[in-house]
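Counting starts at 1 for both ligands and their atoms, following the listed order. Remember, predicted model here, so these are calculated numbers, not experimental data.
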Amino acid sequence: MMRNGDHALQPVIKWSGSKRKIAPQIARLFPAARNYFEPFVGGGAMLPFKPCQKAIAGDIIPELIELWKTIQHKPDLTAKAYKSRWLRLQNEGHTAYYDIRSSFNTTRNPHDLLFLSRTCVNGLIRFNQAGNFNNSLHHTRPGIAPTRLRKIIQQWSLAIQNIEFVTADYRDTLQLVTGGDLVFLDPPYQGTKGRYLPLNFSIEEFYSELERLNSIGAKWILTFDGQAGKRAYVKDVPPDIYREHFALFTGNSPFTKLMGLSVDAVVESVYLNFEIPSKLPTQLLYMGKQASRNTTSANMQQGRLFNQVEF
Ligand SMILES: C[S@@+](CC[C@H](N)C(=O)[O-])C[C@H]1O[C@@H](n2cnc3c(N)ncnc32)[C@H](O)[C@@H]1O
């Protein structure tokens, strides 16, 4: 397990909505826990930072979970599978990509999915209404070289050894959570470029699940896309459900960006149902709290700055 503040591993599966760039900052908020849960695992950027040995990671996409299990138990097989497809692409050109894409849409081979995630336009995982992968080849990029990806696959295989991967709706994964556990929630967004499946994701049901976790004494951290939040969900997160609210910024000088009120600088909105550590890495995180909560004056000031960004 990586220590908080360590750098994230290079991605093994490229995934829309990946938290890779902000994973170390989010990991600073991880408290000690008995078990760690990720019910929306996707590309698994937070997995190397899990705060305890026992962890369960779920996703609704079966071939993604199969891929994780193969990386975990048969990394060599995954490395070889990528290499053979990558060589086809170099030798045959774009027809190889579209052959593999159509093969994936018929057989749902997890290694086809890995190859597609590595060679499609901007690494954007996109399915159509019928559930078929429909992104095109990224013509100007050859895809990561197999020797490089092999090393990354081996690193990940070691990092995820103790994790149980499950194909499951998040509500089923959350049934396994008990008091003292930590849940990291990174749900899918609608209305943004990060679309995964044509799902009807009920935000109300999702909030009910958060309330249930509160009632059993589990801790959770929720991330919402800042941009999506501006348009959709974030204003609606019911204030009674969470304790803390952060905005995460990218770039070398997030403070300058904040003062310039550049909403584009906002990467993610983060909610927690527990008290944060008193010493925050303020260069990396700016915080907002519910006005009704007890806050220190420093926190209140940060909260005002945060509010100016207007999610
Ligand atoms: C924002 S992505 C997670 C990204 C991940 N944190 C990362 O760093 O790569 C959301 C994930 O939720 C999954 N998902 C969507 N609906 C789901 C559901 N009802 N239950 C479980 N997983 C779901 C999607 O397949 C997608 O992989």
Side-chain angles (χ1 to χ4, degrees), residues 2 7-27 29-30 36-50 55-68 71 108 110 113-114 116-118 122-128 131-133 135 152 156 159-160 163-177 182-210 220-229 232-234 248 250 267-271:
M2 296 175 85
H7 293 294
L9 295 177
Q10 290 293 306
V12 65
I13 308 166
K14 288 243 175 165
W15 206 251
S16 304
S18 166
K19 295 299 162 285
R20 191 175 79 84
K21 287 190 179 150
I22 52 174
Q25 286 96 309
I26 295 175
L29 302 170
F30 279 4
Y36 175 71
F37 287 83
E38 264 201 54
F40 305 97
V41 71
M46 297 309 301
L47 292 180
F49 297 91
K50 66 188 173 65
I56 294 183
D59 201 284
I60 200 138
I61 301 181
E63 43 281 18
L64 173 66
I65 293 300
E66 279 313 303
L67 181 56
W68 276 118
I71 292 169
R108 299 281 159 173
L113 180 62
L114 175 64
L116 295 170
S117 89
R118 283 291 178 169
N122 295 331
L124 200 60
I125 304 297
R126 205 177 59 196
F127 296 89
N128 64 16
N132 290 327
F133 189 90
N135 199 357
I152 294 170
W156 274 89
I160 62 175
I163 298 173
E164 185 183 342
F165 289 94
V166 292
T167 299
D169 183 90
Y170 77 98
R171 288 162 294 192
D172 295 329
T173 306
L174 291 182
Q175 284 301 316
L176 306 171
V177 175
L182 173 67
V183 187
F184 174 68
L185 300 138
D186 187 19
Y189 315 122
Q190 290 163 355
T192 70
K193 60 183 178 178
R195 291 201 189 107
Y196 306 94
L197 283 176
L199 292 173
N200 287 327
F201 188 85
S202 159
I203 199 71
E204 286 74 25
E205 259 182 79
F206 178 68
Y207 292 147
S208 305
E209 283 295 318
L210 297 186
W220 53 255
I221 299 179
L222 161 66
T223 54
F224 267 136
D225 180 285
Q227 300 278 331
Y233 298 152
V234 171
L248 260 69
T250 51
V267 176
E268 208 73 24
S269 197
V270 183
Y271 294 82

Heavy-atom distances under 4.0 Å are what count here, so tell me which part of [X] touches ligand 1: side chain, backbone, both or neither.
X	answer
Ile61	side chain
Pro39	backbone
Trp15	side chain
Thr173	neither

With a 4.0 Å cut-off on heavy atoms, is Pro188 in contact with ligand 1? yes
Please indicate whether any nitrogen or oxygen in [X] is less than 3.5 Å from any nitrogen or oxygen in ligand 1.
X	answer
Asp186	yes
Gly43	yes
Ser16	no

[X] neighbourhood, listing ligand 1 atoms whose heavy-atom distance to it stays under 4.0 Å:
X	answer
Pro187	1 (C)
Ala168	20 (N), 21 (C)
Gly42	9 (O), 27 (O)
Gly17	4 (C)
Gly44	7 (C), 9 (O)
Ser18	7 (C), 8 (O), 9 (O)

Looking only at heavy atoms, what is the nearest atom pair of [X] and [Y], with distance?
X	Y	result
Leu124	Phe133	O-CZ, 4.1 Å
Phe201	Pro187	CZ-CB, 3.8 Å
Phe49	Ala27	CD2-CB, 3.5 Å
Tyr170	Ser202	OH-O, 4.3 Å
Leu174	Pro39	CD2-CG, 4.0 Å
Ala45	Arg20	CB-N, 3.4 Å

Ile61 side chain near Trp15 side chain, heavy-atom distance below 4.5 Å: yes
How far apart are the C-alpha atoms of Thr223 and Phe184, what are their side-chain angles, what is the distance that settles it, and do they pass the side-chain contact (heavy atoms from CB on, under 4.5 Å) test? CA-CA 8 Å; Thr223 54; Phe184 174 68; 3.6 Å; yes
Do Tyr36 and Phe30 have their ring centres less than 6.0 Å from each other? yes
Out of Phe40, Tyr170, Phe127, indicate the one that has the non-hydrogen atom closest to atom 20 (N) of ligand 1. Tyr170
With under 30° as parallel and over 60° as perpendicular, where do the rings of Phe224 and Tyr271 fit, or are they tilted in between? perpendicular
